[in-house]
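The next block holds one structure in the form of structure tokens; read it before the comments.
Whatever order the structure lists ligands and atoms in, that order sets their numbers, starting from 1.
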Amino acid sequence: MDAWAALRLQVEWGADEALQEAPVNRLDREDAARALMPEEGGSPRPTARPAAPSVLAAAASAPAAVRRAQEIAAAAATLDELRDALGGFDGCPLAATATNLVFADGNPAAGLMLIGEGPGADEDRLGKPFVGLSGQLLDRMLASVGLDRTRLLITNLVPWRPPGNRNPTDSEIMTCLPFLHRHIALAAPRHLVLLGAMATRTLTGRSEGIRSVRGRWTEVSVPGLAAPIPALPMLHPAYLLRSPGAKRDAWADMIALRLRLDADV
Ligand code: URA
């Protein structure tokens, strides 16, 4: 872990005071894990159980655009083919208003894949996910636990910018989901990070609020992969920009991610 990056992030987030009786050595796995446990007498945060894959069930009874997306995505044998297939897909109305397809950034072989919601204006302009303000915050958070884009792959639920930065609709998400599933299947990451409520709900089927599922490992099942992938829901960095008080939780989630990556090496 880069101690300077971690310290810089804490100072930037306003952590200028030590609140615990004793310092926690964040580089010591057991010490850091203990610090994340509840007070004595409490029970550890339970692992979230994967919910019924309602999203998959919905996709099975899907309209024509979704079925076409499923066929086209399934035919892609590589990530390059998948990107080309998406570039030629006209079944999602978002493609008509976007400037660029925003497919992915980072290293497809890294074993860690992050999934956000959808591109904003900066991403649309540059054709790359998470390059605007929330992406820059995300980069700083990742750097604080020794991660950068060479060590992860990052993409979104929808690869085109929803006009005016509105949320993607359920129908847009469902139409793009076969491409995202294929993206995950082809990259075959060992761990997923789900950024925000929409990515979490779509990929896990869980309907609880992001604040109650964040920081608890769950699983995501993806067509074409033999086993479900461990997935960590986190608060979306755009939410953190609006709600600085939530950064404490985001920091705990980053530590949980780092601990799991180290433990699963
Ligand atoms: N927010 C997202 O969810 N994705 C991006 O690519 C940028 C901002």
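A pairwise comparison of heavy atoms in Phe179 and Leu82 identifies O-CD2, 3.6 Å as the closest pair.
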Between ligand 1 and the protein, find all N/O pairs closer than 3.5 Å and give the distance for each.
residue  : atom  : partner : partner atom : Å
ligand 1 : 1 (N) : His236  : NE2          : 3.4
ligand 1 : 3 (O) : Glu117  : N            : 2.8
ligand 1 : 3 (O) : Gly118  : N            : 3.4
ligand 1 : 3 (O) : Asn156  : OD1          : 3.4
ligand 1 : 3 (O) : His236  : NE2          : 2.8
ligand 1 : 4 (N) : Gly118  : O            : 3.1
ligand 1 : 4 (N) : Asn156  : OD1          : 2.8
ligand 1 : 4 (N) : Asn156  : ND2          : 3.4
ligand 1 : 6 (O) : Phe130  : N            : 2.9
ligand 1 : 6 (O) : Asn156  : ND2          : 2.9

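A parallel orientation is assigned to the rings of Trp160 and Phe89, their planes being inclined by less than 30° (bins at 30° and 60°).
Residues satisfying the side-chain hydrogen bond (donor to acceptor under 3.5 Å, both in side chains) criterion with Arg68, sequence neighbours excluded, are Asp90. Among residues two or more places apart in sequence or in another chain, the salt bridge (Lys or Arg N to Asp or Glu O under 4.0 Å) test is passed with Arg125 by Asp122. Partners of Glu172 under the salt bridge (Lys or Arg N to Asp or Glu O under 4.0 Å) rule, at least two apart in sequence or in another chain, are Arg166.
A side-chain donor-acceptor contact under 3.5 Å links Thr150 and Asp148.
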